[in-house]
Protein chains: 2
Amino acid sequence: MKIDPTNSADLSAQIAGAIRDAIVAGQLIVDERLPSEAELADQFNVSRPTVREALKRLAAQALIRTQRGATGGAFVNRLSFEEAYPQQITTSTLLLSMNEVSFETACEARYALERACAPLAAQRRSADQLATMRAEIHRQSQPGLTDEAFCASDVAFHRALVDAAHNPVLSYQLAGAVEAMQPLMNMITFTARSRDAIVTLHTAIANAIEAHDGHKVNDTLIALERETQALAQSVFAARAARTP
Amino acid sequence: MKIDPTNSADLSAQIAGAIRDAIVAGQLIVDERLPSEAELADQFNVSRPTVREALKRLAAQALIRTQRGATGGAFVNRLSFEEAYPQQITTSTLLLSMNEVSFETACEARYALERACAPLAAQRRSADQLATMRAEIHRQSQPGLTDEAFCASDVAFHRALVDAAHNPVLSYQLAGAVEAMQPLMNMITFTARSRDAIVTLHTAIANAIEAHDGHKVNDTLIALERETQALAQSVFAARAARTP
DNA sequence: GACAATTAAATGTAAGACAAATGAAAATTG
DNA sequence: CAATTTTCATTTGTCTTACATTTAATTGTC
């Protein structure tokens, strides 16, 4: 593992990159201990703070974990889906908010992805996920729910739908798309009527999931997307009309 | 922006978290300059190296960028899709390799996601993406191509398909799924016959994309997944038989 | 006014020290 | 001898200080 002395980038970035490459390439395996900070400093011919900055970069990506004490050190971390979720969600959220992604574009992507797991979810759903979906529908029906709580429940409903596919890779990829939509959804005010429409469609989805009817889930998701897009358009149009 | 003195976690992690939260919450906007390292050290009542470790954590996630010199400092970075791609791909790759995700599961997720953008891609594809797909098909047909190069071309073909949907959110989410499959695909040896089958299906996809026929794209993707899964199974079965 | 040298401010890097945690070995005790 | 306590070495976490490097603004000079 070497670094390029002619490279102009930060030493800590170069070192982090070298170690990251070694991990990705499988030269460093899970739970393997890296040399101590002092040893790494010697190997790379840099100071300990520089090594530490490199290790912190890797820790921020959950590629390593550190442990103090006699047998401590930096260990290659088994990157779990659970650990990767928050990162994925933070990144997705910032991507949407910082790149002026339109509600329309984000919504389209979200529902396209959800439809991707509709047939699998209908086929494999467990009683557990179905119960979650029913529970969230029940919560959404309660009067006096704030818009924010309604959105949170909406996210929970759709995550249950995604998880019903029983494919961790799909769940991981979609967590970002679904959760990152929440701030955008929070910009919308839900009238009693629009909530009714959404709850009705959610119920139809749950019923179709229960009946293992993938096609029906798919069709209802299309209707739900149309409903959501129309609702957003009307809210944004009203807002634009008020402040010309 | 404060940190909890009773928290047992690393100071640098706490500081990084506090700044990250401020960015996500919109309290720090894009291109805004953070206080200098010395000032941050004062504010949080820690030393400069500790602040630096925190900033490196954020830099590793592309949340900030740093600049040297008189008007330098740490600035909130506009997280672009281009910057987020490599991270997403690295994370996805490690998730698959470290969690014993079966080829079957990963493959299923990948094709489910691709089918999600099939109708959009068929509808919106530009001449550019179609040309890329044709070019990759041509490359895949050449004899003497290594398995690795064949896989790389396969990835390029599918990325073009995804990008044809002209939805950056979809492209971002799928980049991880498609690229992360490459190491798994590289475990497969492609016979001349299996390459022919894949090229034929790729050609059918390109034709359907050209004809704006989303249904045909979808159906062909299903066939391609079946072909890929069968090929993988036979390769793995043969390998298992050789080393009992 | 244009150009060059200086300066100030900021990050990048180094070196050394101490604190705190932690497991292992050694010493102590029943 | 076994169990417990103490000591100790190792390693990360943090602080302090210092210097190098980069960069833009300032100043000085012609």
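Ring geometry for B:Phe81 versus B:Tyr172: interplanar angle over 60°, hence perpendicular rather than tilted (30 to 60°). Note on ring orientation: taking the six-membered ring where Trp is involved, the planes of B:Phe103 and B:Phe236 are perpendicular (angle over 60°, cut-offs 30° and 60°).
Atom CD of B:Glu53 and atom C1' of D:dT12 are 10 Å apart (whole Å). Atom CD of B:Glu37 and atom C1' of D:dT16 are 15 Å apart (whole Å). Protein atom CG of A:Asn45 is 12 Å distant from nucleotide atom C1' of C:dA14, rounded to whole Å. The nearest whole Å value for the distance from the CG atom in A:Leu11 to the P atom in D:dA20 is 16 Å. Between the CG atom of B:Asp42 and the P atom of C:dA9 there is a distance of 15 Å, given to the nearest Å. Spacing between atom CG of A:Leu40 and atom P of C:dT13 amounts to 16 Å, rounded to whole angstrom units. Between the C1' atom of D:dT21 and the CZ atom of B:Arg52 lies a distance of 12 Å, rounded to the nearest Å.
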Would A:Lys56 and A:Glu53 count as a salt bridge (Lys or Arg N to Asp or Glu O under 4.0 Å) here? Give the steps. CA-CA 5 Å; A:Lys56 294 312 161 198; A:Glu53 287 178 8; over 6 Å; no
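With no hydrogens or angles considered, no side-chain donor-acceptor pair links B:Asn167 and A:Thr105 at under 3.5 Å. Counting only N and O atoms by type, the side chains of A:Gln27 and A:Glu32 include no donor and acceptor under 3.5 Å apart.
The phosphate of C:dG12 (OP1 or OP2) has no side-chain N or O of A:Thr50 nearer than 4.0 angstrom. Taking side-chain N and O atoms only, B:Thr66 has no distance below 4.0 Å to OP1 or OP2 of C:dA10.
Counting only heavy atoms from C-beta on, B:Asp10 has its side chain closest to D:dT14 among D:dT14, D:dT11, C:dG12. Side-chain proximity of B:Pro49 to D:dT16, C:dG12, D:dT11: nearest is D:dT16. When distances are taken from the side chain of B:Arg48 to each of D:dC15, D:dT12, C:dG12, the shortest belongs to C:dG12.
Projected onto DNA chain C by closest heavy-atom contact, A:Ser47 and B:Leu34 fall at different nucleotides, the more 5' of which corresponds to B:Leu34.
For A:Arg110, the salt bridge (charged side-chain N to carboxylate O under 4.0 Å, His left out) partners two or more places apart in sequence, or in a different chain, are A:Glu114, A:Asp154.
B:Ser153 pairs in a side-chain hydrogen bond (donor to acceptor under 3.5 Å, both in side chains) with only one of the listed residues (B:His158, B:His138, B:Gln140), which is B:Gln140.
Using a 4.0 Å heavy-atom distance criterion, A:Arg65 is classed as making no nucleic acid contact.
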What's touching nucleotides 22-26 of chain C from the protein side, N or O pairs under 3.5 Å?
from: C:dT22; atom 1: O2; to: A:Ala70; atom 2: N; distance (Å): 2.9

